[in-house]
Amino acid sequence: MTDGAVRGPSEDLLLSDALDALPDGVAVFDADWTIVYVNAAGSRLLGRARDQLVGRNIWIALPELGGTIFHSFLLHARSVAERVTWRGYYTPLGRWIDATAVRRDGRLHVTFRDASSSGAEGVHQRDVGAEAAPNAEETDHDRLRFLAEVSESMISTLDTGESVAKLMDLVVPRLADWATVTVLGYDGQPADLGWTHRDPDRRVDLETYLTRRGRGAPADDSPLAAALLTGEPVHLDSIPDALVERALTSDEVREAWRRLDSASFTMVPLRARSETFGALALVNSSSRPPHTEMEIATAVEVARRAGLALDNARLYGQQLQVAETLQRSLLTPPPQPDHLEIAVRYQPASTNMHVGGDWYDAFQQRDGATLLVIGDVVGHNVDAAAAMGQIRSIVRGIAYDREDGPAKILSRVDEVMTGLRIGTLATALVARLEQPADQARCGLRTLCWSSAGHLPPIVLHPDGRVQLLDTPPETLLGAESANHRTDHEYQVRPGQTLLFYTDGLVEHGRTHIDEGIRRLTRLLEELGDLSVDALCDRLLERIVRHRSDDDIAIVAVRCHPEHRGAASRSVPGAPAV
């Protein structure tokens, strides 16, 4: 039949009959791993009726195939352009199989036969899985355990650095003498996220080579570029000098490369969500032979499992960075007015991507008074953080625009939230710390505050006594209540410390709020001699141990005697976020 001729139905039937008469199994898979054809021998070898195979995805039709050596052989065959052969022990059927696969026009054509009768002898050195028959099943089980360990280890963390370190520990020395993980940044430049060497004495050389070599965008003909562009593994039985010459930019780097004694390598792409974002490089020294087809197939499977986990960690890290940038932009460092020392802390809940609905604020009004705000939006997610940003901005704008008292500020915030249909609830406490001229002569100040359902302020006296400034509860912001809001006053003396906080500090560990406040006051009595910065840190360490169930915001203000002066105070740094 000439090329391009169209076969008739009778010819298709003859061809099907001819394939069914073959002793070897024949199977064809499309690009989505759907079985488009299998002959009678193939159906028999796979242990399924033909109608249970054709038209179905291979991983659904043959779930027992997943994770086996044959599975990795098929994945590897799909990733390379040339014909690939394999002899190995297929555990689900308990038999040896000879297989050959080649990719044609997006389809993978596979032929396979039962090789149990012929044994495992005579397999070419580069064939996959050339092991003695008695050890084959044990080898396959060992490999399955290894791949299961890869999966379990890689999904156990969303920290990129930890994920890369786990991957390095898994592949070295099992698959290589040394290895690196390289990813592309937003600028298209490659960056090494991690590396390790089986020989501790060579790790310094490896670090020297990787961190001080000449580097730019990967050349079009480099193995890294080939792996990134094609999404297929790249293997070299030997490393030509020309390939690394450009990287050897100094005698120090050249000597480090020489001591590494790198002789062969395999570059396996890291893929996730149909995108190749990096590569795993596996390098062997001259004392270790180049990777076999089986080792390459195993590396492909390792990269497949690790790729998604690494990409998840990478994306999670990017989202955390965005969230933390947003949070930092909202939770700004406090001012440090004369004779006042203000410390602030924000600690997110450990499960909410470092964002939440708690907030603090501290700034000076135009008349010189210091305004302190702390609040908590209902909810513990990104939506709560977005609402928090709106409410915080409303409070700040209204409080700075006029020199109103705290109760008036909260009432106007209520009006704006209702008018703009913000549609959320929040507790908040606004406090104004002022010092009229007659009080300044005595070093006294007046604290005026109003609370919208928030926790009461606490006063820590210089002698260690603790006082709770409790007031009758008033409605939350956003409740659309017509109830009148009330201002309360307290005269603050030199040496006293004011503490404002959110419920995450007192309700940690599912503690009832009253018991939580008692726990907090007992700690304040014990820690009262610390600076406000150290006091905030110690409260977090002692109560939540830096892993809180809920968001936490803290504002601590200490009023120093007037004669101390601003220059003699210890000015705290930026807030911990």
Side-chain angles (χ1 to χ4, degrees), residues 343-360 372-381 383-385 387-388 391 406 410 424-431 447 449-461 464-479 481 483 485-486 488 490 496-528 530 532 534-557 576:
V344 293
R345 291 294 183 272
Y346 174 78
Q347 181 168 307
S350 57
T351 58
N352 290 325
M353 286 186 57
H354 290 200
V355 294
D358 289 18
W359 88 94
Y360 64 78
L372 307 163
V373 183
I374 195 157
D376 182 359
V377 173
V378 174
H380 308 97
N381 52 25
D383 291 339
M388 175 271 287
I391 298 173
L410 288 175
T424 191
L425 295 173
T427 70
L429 187 148
V430 175
L447 176 71
W449 80 95
S450 183
S451 174
H454 201 79
L455 296 167
I458 296 176
V459 179
L460 175 61
H461 295 267
R465 290 183 299 112
V466 175
Q467 181 179 356
L468 194 67
L469 300 182
D470 208 357
T471 57
E474 298 184 9
T475 55
L476 276 63
L477 292 175
S481 170
N483 293 339
R485 296 195 180 277
T486 310
H488 309 275
Y490 177 83
Q496 290 182 326
T497 301
L498 304 171
L499 188 75
F500 308 89
Y501 51 96
T502 56
D503 58 3
L505 188 66
V506 295
E507 293 183 321
H508 179 73
R510 300 184 179 180
T511 303
H512 187 273
I513 192 165
D514 291 334
E515 174 56 33
I517 291 177
R518 285 193 290 269
R519 176 179 60 188
L520 176 58
T521 56
R522 288 194 299 268
L523 269 176
L524 288 172
E525 291 172 351
E526 180 184 336
L527 305 173
L530 297 176
V532 289
L535 177 64
C536 291
D537 288 337
R538 195 64 59 84
L539 289 175
L540 291 175
E541 290 171 4
R542 295 283 294 274
I543 295 177
V544 302
R545 293 175 175 82
H546 295 294
R547 187 172 179 82
S548 49
D549 305 325
D550 193 2
D551 305 343
I552 295 174
I554 302 175
V555 178
V557 183

Could you go through V377 and L425, starting from their C-alpha distance and side-chain angles, then the distance that decides it, and tell me whether this counts as side-chain contact (heavy atoms from CB on, under 4.5 Å)?
CA-CA 6 Å; V377 173; L425 295 173; over 6 Å; no
Across all chains, not counting sequence neighbours, the ring pair (Phe, Tyr, Trp, His ring centres under 6.0 Å) partners of W449 are H488
What are the two closest heavy atoms between [X] and [Y], and how far apart are they?
| X | Y | answer |
| --- | --- | --- |
| G375 | H454 | CA-CE1, 4.1 Å |
| R485 | S450 | CB-OG, 4.2 Å |
| V506 | R519 | O-NH2, 3.3 Å |
| L530 | R538 | CD1-CB, 4.1 Å |
| L429 | S451 | CD1-CB, 4.1 Å |
| G357 | D551 | N-OD2, 3.0 Å |

Flag side-chain contact, heavy atom, 4.5 Å: [X] against [Y]:
| X | Y | answer |
| --- | --- | --- |
| Y360 | L372 | no |
| Q496 | L460 | no |
| T502 | D550 | no |
| Y346 | D358 | yes |
| L540 | I552 | yes |
| D537 | R345 | yes |
| I458 | L498 | no |
| E526 | L524 | no |

Salt-bridge test for E515 and R518: reply yes if a basic N is under 4.0 Å from a carboxylate O, no otherwise.
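Yes.
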Apply side-chain contact (heavy atoms from CB on, under 4.5 Å) to the pair L527 and L539, showing each step before the final yes or no.
CA-CA 9 Å; L527 305 173; L539 289 175; 4.2 Å; yes
E474 and T486: side-chain donor and acceptor closer than 3.5 Å?
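Per modelled atom types, E474 and T486 side chains form a pair under 3.5 Å.
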Going by distance alone, is a donor N or O of one side chain under 3.5 Å from an acceptor N or O of the other, for T427 and D376?
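Not at all, the side chains of T427 and D376 share no donor-acceptor pair under 3.5 Å.
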Using atom types as modelled and distance alone, determine if a side-chain donor or acceptor of T511 lies under 3.5 Å from a backbone N or O of E507.
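Here the side-chain-to-backbone pair does not exist.
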CG on L447 to OH on Y490, rounded to 0.5 Å
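That separation rounds to 9.0 Å.
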Out of curiosity, R465 CZ to E525 CD, how far, rounded to the nearest 0.5 Å?
10.0 Å
Among V466, L520, V459, which residue satisfies the side chain to side chain contact (heavy atoms under 4.5 Å, CB included) criterion with L499?
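Filter result, single survivor: L520.
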Give the C-alpha distance, both sets of side-chain angles, the deciding distance and a yes or no for side-chain contact (heavy atoms from CB on, under 4.5 Å) between I517 and Y501.
CA-CA 10 Å; I517 291 177; Y501 51 96; 4.2 Å; yes
